[in-house]
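So the structure is just underneath, and the comments pick up after that.
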Amino acid sequence: MQLQRPDLLRDNNYINGQWQAAASGRRFPVENPANGEKLTEVADGGTADMDAAITAADAAQAAWQSETPKTRAQILQRWYQLIIEHRRDLAAILTAEQGKVLAEADAEIGYGASYVEWFSEEAKRIDGDILAAPSRDKRLLVIKQAIGVVAAITPWNFPNAMITRKAAPALAAGCCIVIKPAHETPLSALALAALADEAGFPAGVFNVVCGTQASDIGSVMTSSPLVRKLSFTGSTRVGKILMEQCAATVKKTSMELGGNAPFIVFDDADIDAAVAGALASKYRNAGQTCICSNRILVQDGIYDAFAARFAAEVQQFRLGDGRDSDATMGPLITRQACDKVTALVDDALSKGASAITGGRRASIGEHFFEPTVLRDATPAMRVFQEEIFGPVAPLFRFEDEQQAIALANDTNYGLAAYFYTQNLNRVWRVAEALEYGIIGINEGVTSSEMAPFGGMKESGIGREGSKYGIDDYVELKYLCLGGLDN
Ligand code: ADP
């Protein structure tokens, strides 16, 4: 890999301001999902390494918490600038280990950095409150204090941004953090650590432990009494396990879990806008985002026209190695991911759906699946209930608004939903009826550091980003000042 700063490619864990091999001495390979090529080997951290990271974070906590907000803001600001300065290298590392095309990797670095910039600003606005008092001899005050050491477990689909979205608010609030990235994508996490080190976070404030033994490392994070909060982004299945584990020490949790986003196109939609929005929300990262449209619900009157135009656009994607400038869609993360997508498509085809385009694994490599549009999908198919996490768009048909809302809400998930209509009354009715934390209205791209990201139902707890994002990392403390004689 050609980098301007080769030292951003790290292969040891970052604990207490030091680069450390695993206590066990073990290492694990990191592979390029486009071709299986081994990029490097990284220290395979385990329970002892995570324990050391938590101890370091705990030791650094009191001093970090008592720094002035301005000092924390300045270090975060430096980290932001370094990330932007080394954006090309970070994108190259990200594409090499994750597979998304370079343009998308570059966009992720910008997106990830935006959280660091935003929370560097918010660090100075963690204001308390003075409340009206019930009697003349009292004054009621509320202050916000850092929650304490934060443990973060992050996924492989956004190896940069899912870290900054947790680390930036935690650090801004005065929390030290220990991070366990997904073992598929440790290099982006370690590169961020290298830049955090350069930015000047004191030793122990920011720690990254990579490793393949996720459940063992996770157990240390969830059981340690030194950890006050767990922030997780990943599957609903693992999120539930972690919440159970956190119950024993009543840890606060933030959970960004799976999704099953409906994308509703009403007869009165601007069809060009709907096609563009569906493309953007479905196929980004080859369909591997938790807010990807999972079920495209199209009203009767517009169904055939939408299907034809959408499929024509989907045929324009060019699959390839993300580093190849011709490619507009990369591979899936693993062969198992590709197997799962294949099984979901086969299930739909066996129950009466038909592929207008795609429908199979691609011939260019083991991890590639053809960009696919399925017609005549029905709720009896697995694609209606399960998160596809691949470049497959099933089109369902509905008759009226009530039916669309009922179909959209017929899932345990509640992360993102999208709908297209030009009727203002419908905009409000549908927006209020959808049981989702994020709603795109005539818009397929909703994410921004300025907006709250998070889900309802089994999609999670808490919000990341925006002025609300800091709330997940602070405790409210109520001070009752009594005995006043005025
Ligand atoms: P995905 O389907 O995106 O891989 P996962 O929920 O399996 O979602 O993984 C998200 C993160 O959770 C990764 O960092 C992974 O290593 C970690 N993880 C998986 N299983 C466990 C577990 N039992 N305990 C703690 N972390 C886990």
Side-chain angles (χ1 to χ4, degrees), residues 13 28 30-31 33 42-47 49-51 53-54 97-100 108 150-167 177-190 192 207-224 227 229-249 251 253-260 284-292 294 331-341 343-344 367 386-390 413 415 455 458-461 464:
N13 292 319
F28 67 98
V30 184
E31 290 169 3
V42 166
D44 195 357
T47 55
D49 305 281
M50 181 48 77
D51 224 20
I54 293 171
E97 66 176 347
Q98 201 275 346
K100 68 179 66 175
E108 179 180 340
V150 169
I153 299 179
T154 57
W156 49 262
N157 61 344
F158 288 88
N160 174 289
M162 293 306 102
I163 290 178
T164 58
R165 213 156 78 169
K166 299 181 186 313
I177 189 163
V178 296
I179 300 162
K180 191 211 79 70
H183 73 266
E184 292 87 347
T185 56
L187 302 177
S188 294
L190 295 173
L192 277 173
N207 306 273
V208 176
V209 177
C210 307
T212 53
Q213 305 305 308
S215 60
D216 293 347
I217 302 171
S219 296
V220 174
M221 299 166 101
T222 53
S223 63
S224 169
V227 172
K229 154 134 203 150
L230 177 76
S231 180
F232 173 71
T233 297
S235 61
T236 295
R237 182 185 71 79
V238 173
K240 288 178 180 176
I241 295 172
L242 295 172
M243 283 177 77
E244 262 186 59
Q245 292 178 357
C246 284
T249 47
K251 270 188 220 335
T253 59
S254 288
M255 293 278 153
E256 296 289 355
L257 309 177
N260 181 1
R284 204 155 55 97
N285 201 12
Q288 302 171 109
T289 91
C290 46
I291 57 169
C292 270
N294 208 57
L332 298 181
I333 189 74
T334 56
R335 196 169 51 74
Q336 292 88 315
C338 218
D339 290 344
K340 184 190 156 203
V341 173
L344 289 177
H367 296 188
E386 295 181 40
E387 200 173 20
I388 301 170
F389 243 60
Y413 292 109
L415 188 54
E458 293 189 14
S459 286
I461 298 173
E464 295 189 322

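All ligand and atom numbering here is 1-based and tracks the order in the structure. All values below were derived from every heavy atom in this structure, side-chain atoms included, with hydrogens, water molecules and symmetry-related copies excluded.
- When all heavy atoms of Lys240 and Glu458 are compared, the pair lying nearest together is NZ-OE1, 2.8 Å.
- Within ligand 1, the atoms closer than 4.0 Å to a non-hydrogen atom of Thr154 are 11 (C), 13 (C), 14 (O), numbered from 1 in the order shown.
- When only non-hydrogen protein atoms are considered, atom 17 (C) of ligand 1 lies nearest to Ile153 CG2, 3.7 Å.
- For atom 16 (O) of ligand 1, the closest non-hydrogen atom on the protein side is Lys180 NZ, 3.0 Å.
- Listed by atom number, the atoms of ligand 1 under 4.0 Å from Leu242 heavy atoms are 24 (N), 25 (C).
- For the pair Lys100 and Phe158, the cation-pi test (distance below 6.0 Å, angle within 45°) is passed.
- Short contacts between ligand 1 and Gly234, defined as distances under 4.0 Å to a heavy atom of the residue, involve ligand atoms 6 (O), 10 (C).
- Of all the atoms in ligand 1, the ones that sit under 4.0 Å from a non-hydrogen atom of Ser215 are 22 (C), 23 (N), 24 (N).
- In terms of protein heavy-atom proximity, atom 8 (O) of ligand 1 is nearest to Ser235 N, 3.6 Å.
- Checked against side chain to side chain donor-acceptor pair (under 3.5 Å), Ser188 has the following partners two or more places apart in sequence or in another chain: Glu97.
- When non-hydrogen atoms are compared, ligand 1 lies under 4.0 Å from the side chain of Phe232 (C-beta onward) but not from its backbone.
- The shortest contact between atom 18 (N) of ligand 1 and any protein heavy atom is with Ala214 CB, 3.7 Å.
- When all heavy atoms of Ser459 and Gly259 are compared, the closest pair comes out as OG-CA, 4.1 Å.
- With sequence neighbours excluded, the residues forming a side chain to side chain donor-acceptor pair (under 3.5 Å) with Thr249 are Lys251, listed by chain and number.
- Val209 and Pro181 make their closest contact through O-CD, 3.4 Å (heavy atoms, listed as atom of the first residue, atom of the second, distance).
- In this structure, atom 3 (O) of ligand 1 has protein heavy atoms in its sub-4.0 angstrom surroundings.
- Taking 4.0 Å as the cut-off, Ile241 does not count as a neighbour of ligand 1 on heavy-atom distance.
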